[in-house]
K.L.:
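If you scroll down you'll find the structure; I have some questions about it.
By convention in this document, chain letters (A, B, ...) are assigned in the order of the sequence lines, proteins followed by strands, and residues within each chain are numbered from 1.
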Amino acid sequence: MSEIETEEISTEQPDEPASEAPARSAALVMAIAEAIIFVSDEPITSKILGEIIGEDKQTVQAAIEELQKEYEERSGGLQIREIAGGWQLATRTEYHEEVRKFLKTRPSAKLSLAALETLSVIAYKQPVTVPEILEIRGVQSASAIKTLLEKRLIVTKGHKETVGRPMQYGTSKDFLIQFGLNDLSDLPSIEDFEDLSITALDQQQ
Amino acid sequence: MSEIETEEISTEQPDEPASEAPARSAALVMAIAEAIIFVSDEPITSKILGEIIGEDKQTVQAAIEELQKEYEERSGGLQIREIAGGWQLATRTEYHEEVRKFLKTRPSAKLSLAALETLSVIAYKQPVTVPEILEIRGVQSASAIKTLLEKRLIVTKGHKETVGRPMQYGTSKDFLIQFGLNDLSDLPSIEDFEDLSITALDQQQ
Amino acid sequence: MQSTTEQYSFNFLTEIPEIVGGSSDELKLKLGEFAGPLDLLLYLIKQEQANIFDIPIAKITNSYLVYIRLMKSLDIAVAADFIVMAATLIEIKSKMLLPRDPAAASDAEEFEDPRKELVDQLLEYEKFKSAAQMLYERSTVEQAVFKRGAIESDDNNAEISATVFDLLTVFQKIVLRHKEEVSLEIEREEISLADMIKALRKRIFAELELNLLTFFEDFHTRRELVTAFIAVLEIVRTEEVKLVQKATFGDIFLKKVGVGSN
């Protein structure tokens, strides 16, 4: 990748600064490159970085190599890697165990839309059975219910005394905690938002 | 904040392996904390970091403050911030132009004056009801409240036990994050504004 | 709908309000965004360089009314709250014009400045207005800070975090969706051809002359329109009804044969 020697250019005046920007210090180019690599979803090439920063590719390449060296030397939790022809900020492999451990314990309050829908039906219609949820949502909710049970947001509430004695579900104490409710009467009703214009509610998508 | 000195521990043995490890070097704690802060989607507290790393909260807190200082001193493209009670890695404000250019984002839609006013009443008077907001602002705030709910800057805080049981509102964690606050006590007191506004008015005489 | 209340500001969000003092004594107001009647009032007081504790109520009331009239003339919906404030101002103004009851005046306790409540409200509001400014500045700074991009290791997307508001919103959407499905079912067993012909015949006989356009306007779905069209053809074929067009390219009428035919 670095067949082109860049030392000469970098120390002196990066005389032909690409677009309108005047000569930037190497430290500044490093800092901006670092910020952009950080926010990028994908590995980013020196070329693209150069276009954004307004410096030529070589200057940027040299700056990032310097940055990479800096990361090596301080041996913190992160590294700059060259991947698929671009640059990327990533955790150092040494700490993969702790990182993995953390990623597993992330907040459990996050729900898929299917789970959220199912939860809302259970919250407002409890106690409610699976067939009843199906009727309201128009979709099978089995896996959503499983998720909600696993996350302890819902609990079983005994069998309903009808044909087939289907299981009924309701929300749990954890549900109240997760959603910051004192008790179920704290659940907002449609009337609570009437002032805020209900029509707007379904516009929002 | 950093009453606890950690240097003594650091120089010794970094040899001890991960999991239930006892005393780790401060540098190691810093590195792991940095890696986890990096991968976390949300600001992460010293407490959770401590649990993952297997060190007490104070050790972690001290390590991160050290890390934060390190970031300050190298003045690269990134910074460690304390936000909404947790730690976060983010770009430095200086480079917002280049980052924005790369992300091709414009500054996100600003809140209207009405929404900002409503938000400030909610922030300082929480939990607060719609009629109470009306009293202070002298204008209906329905659409502003709806906007704030949609943007997750405010949340419902249960019903107030008065006539009509009106819904109460308060600010959310997202509010802290979007306004760069560690917690609500970071907000300047409302009385500070009192002096300010009166003197401003008097000066005009 | 109350949400219209704050829409008065949409046209001129970016404008800074300003009163331009012309050569005549007529005040010219440049419209800007006012967050409410208190905001406008505070602005007018500052424009007049008046002391907030001694508001020249007559003058301020006049300016306030000028502004509201201007809003009206520009077809901006003037919110009820603005009009309420106008009424309050007029009330205070008239109270101040009344000669003070000399008997009551001697008793200092009795006399309360009619402006006091308004001043208190303004002072309270002013604090939150300043706080709003502070929030604005903070958010501007925050918008210059960016967090890292998505990384491969986290299975993001597909997951959303939720509040109670989301819960209700989602529930409402489900209910709406449910209702739509139900109403669709009803439409499916919509009016049959036989019923359509019956209805059409009834109308022609009652009205003697029926504009086809009016008739078709009652139907919305494709299916209904097709049924209606077939019903028209059928009734013309089988009954004493004919199609009449009074002018070229004019509307077509269904007429009972033998009634005032031309």
Side-chain angles (χ1 to χ4, degrees), chain B residues 38-39 41 79 81 88-97 99-100 103 107-108 110-114 116-121 123-124 134-144 146 149-150 152 155-156 172 177-181 187-188 190-191 193-194 196-198 200-202 204-205, chain C residues 1-7 9-10 13 33-39 41-42 45-46 49-53 79-82 84-85 121 123-136 138-149 151 153-154 156 161 163-166 168-169:
Chain B
F38 171 74
V39 296
D41 288 329
Q79 59 176 325
R81 305 198 309 160
Q88 184 189 58
L89 197 58
T91 62
R92 294 181 92 85
T93 50
E94 295 96 296
Y95 311 120
H96 76 100
E97 235 172 89
V99 172
R100 198 161 276 153
L103 293 173
S108 54
K110 294 256 166 77
L111 290 171
S112 72
L113 187 53
L116 272 170
E117 272 190 25
T118 307
L119 186 58
S120 79
V121 174
Y124 281 98
L134 167 65
E135 198 174 322
I136 294 175
R137 290 195 57 222
V139 67
Q140 297 290 342
S141 309
S143 72
K146 200 173 101 347
L149 279 169
E150 283 166 10
R152 295 163 181 275
V155 288
T156 58
S172 66
I177 294 173
Q178 292 202 26
F179 288 86
L181 298 162
L187 281 175
I190 194 73
E191 284 73 35
F193 295 114
E194 186 167 16
L196 215 148
S197 60
I198 289 178
L201 284 170
D202 283 349
Q204 297 193 319
Q205 285 301 91
Chain C
M1 192 133 306
Q2 280 161 316
S3 61
T4 53
T5 310
E6 275 151 346
Q7 288 179 0
S9 60
F10 57 58
L13 259 167
E33 182 188 24
F34 287 111
L38 290 170
D39 197 15
L41 209 52
L42 216 49
I45 291 167
K46 284 180 183 169
Q49 306 202 331
N51 182 344
I52 192 156
F53 296 105
D81 300 300
F82 276 82
V84 169
M85 178 58 76
Q121 209 185 352
L123 288 174
E124 180 74 358
Y125 167 74
E126 173 83 357
K127 283 190 284 181
F128 290 94
K129 193 173 158 52
S130 308
Q133 178 65 34
M134 176 273 299
L135 288 179
Y136 173 81
R138 286 202 85 104
S139 71
T140 308
V141 172
E142 278 316 296
Q143 287 194 359
V145 173
F146 296 84
K147 287 178 274 169
R148 70 147 169 77
I151 45 179
S153 64
D154 59 352
N156 44 6
S161 62
T163 66
V164 168
F165 181 66
D166 298 318
L168 178 75
T169 313

K.L.:
Is Val155(B) close to chain C through its backbone or its side chain, or both, or neither, when contacts mean heavy atoms under 4.5 Å?
P.N.:
side chain
K.L.:
Given a strict heavy-atom distance threshold of 4.5 Å, which part of Met134(C) is in contact with chain B: side chain, backbone, both, or neither?
P.N.:
side chain
K.L.:
Contact part of Arg92(B) toward chain C, heavy-atom cut-off under 4.5 Å: side chain, backbone, both or neither?
P.N.:
backbone
K.L.:
Report yes if some heavy atom in the side chain of Val139(B) is under 4.5 Å from a heavy atom in the side chain of Pro37(C); otherwise report no.
P.N.:
yes
K.L.:
Tell me, for Gln79(B) versus chain C, whether the close heavy atoms (under 4.5 Å) come from the side chain, the backbone, both or neither.
P.N.:
side chain
K.L.:
Which atoms of Glu135(B) are under 4.5 Å from chain C, going by heavy atoms: the side chain, the backbone, both sets, or neither?
P.N.:
backbone
K.L.:
Where the side chain of Arg148(C) meets the backbone of Val39(B), is there a donor-acceptor pair that is under 3.5 Å apart?
P.N.:
yes
K.L.:
Tell me, for Leu111(B) versus chain C, whether the close heavy atoms (under 4.5 Å) come from the side chain, the backbone, both or neither.
P.N.:
neither
K.L.:
Which atoms of Gln178(B) come close to chain C, meaning under 4.5 Å heavy atom to heavy atom: side chain ones, backbone ones, both, or neither?
P.N.:
backbone
K.L.:
Under 4.5 Å between any side-chain heavy atoms of Leu187(B) and Leu135(C), yes or no?
P.N.:
yes
K.L.:
To the nearest 0.5 Å, tell me how far Phe193(B) CZ sits from Glu124(C) CD.
P.N.:
13.0 Å
K.L.:
Can you tell whether the side chains of Asp39(C) and Arg137(B) come within less than 4.0 Å, N to carboxylate O?
P.N.:
no
K.L.:
Among Leu119(B), Leu116(B), Leu113(B), whose side-chain contact (heavy atoms from CB on, under 4.5 Å) with Tyr136(C) holds?
P.N.:
Leu116(B)
K.L.:
Report which part of Val84(C) has an atom under 4.5 Å of a heavy atom belonging to chain B: side chain, backbone, both, or neither.
P.N.:
neither
K.L.:
Should Asp81(C) and Leu134(B) count as side-chain neighbours, where that means a heavy-atom distance under 4.5 Å?
P.N.:
yes
K.L.:
Taking all non-hydrogen atoms of both residues, which atom of Phe146(C) and which atom of Leu103(B) are closest, and how far apart?
P.N.:
CD2-CD1, 3.6 Å
K.L.:
Any side-chain heavy atom of Glu150(B) sitting closer than 4.5 Å to one from Phe165(C)?
P.N.:
yes
K.L.:
Using heavy-atom distances under 4.5 Å, tell me whether Leu89(B) contacts chain C through its side chain, its backbone, both, or neither.
P.N.:
backbone
K.L.:
Side chain from CB out, backbone as N, CA, C, O: work out which of these in Thr93(B) comes under 4.5 Å of a heavy atom of chain C, or both, or neither.
P.N.:
both
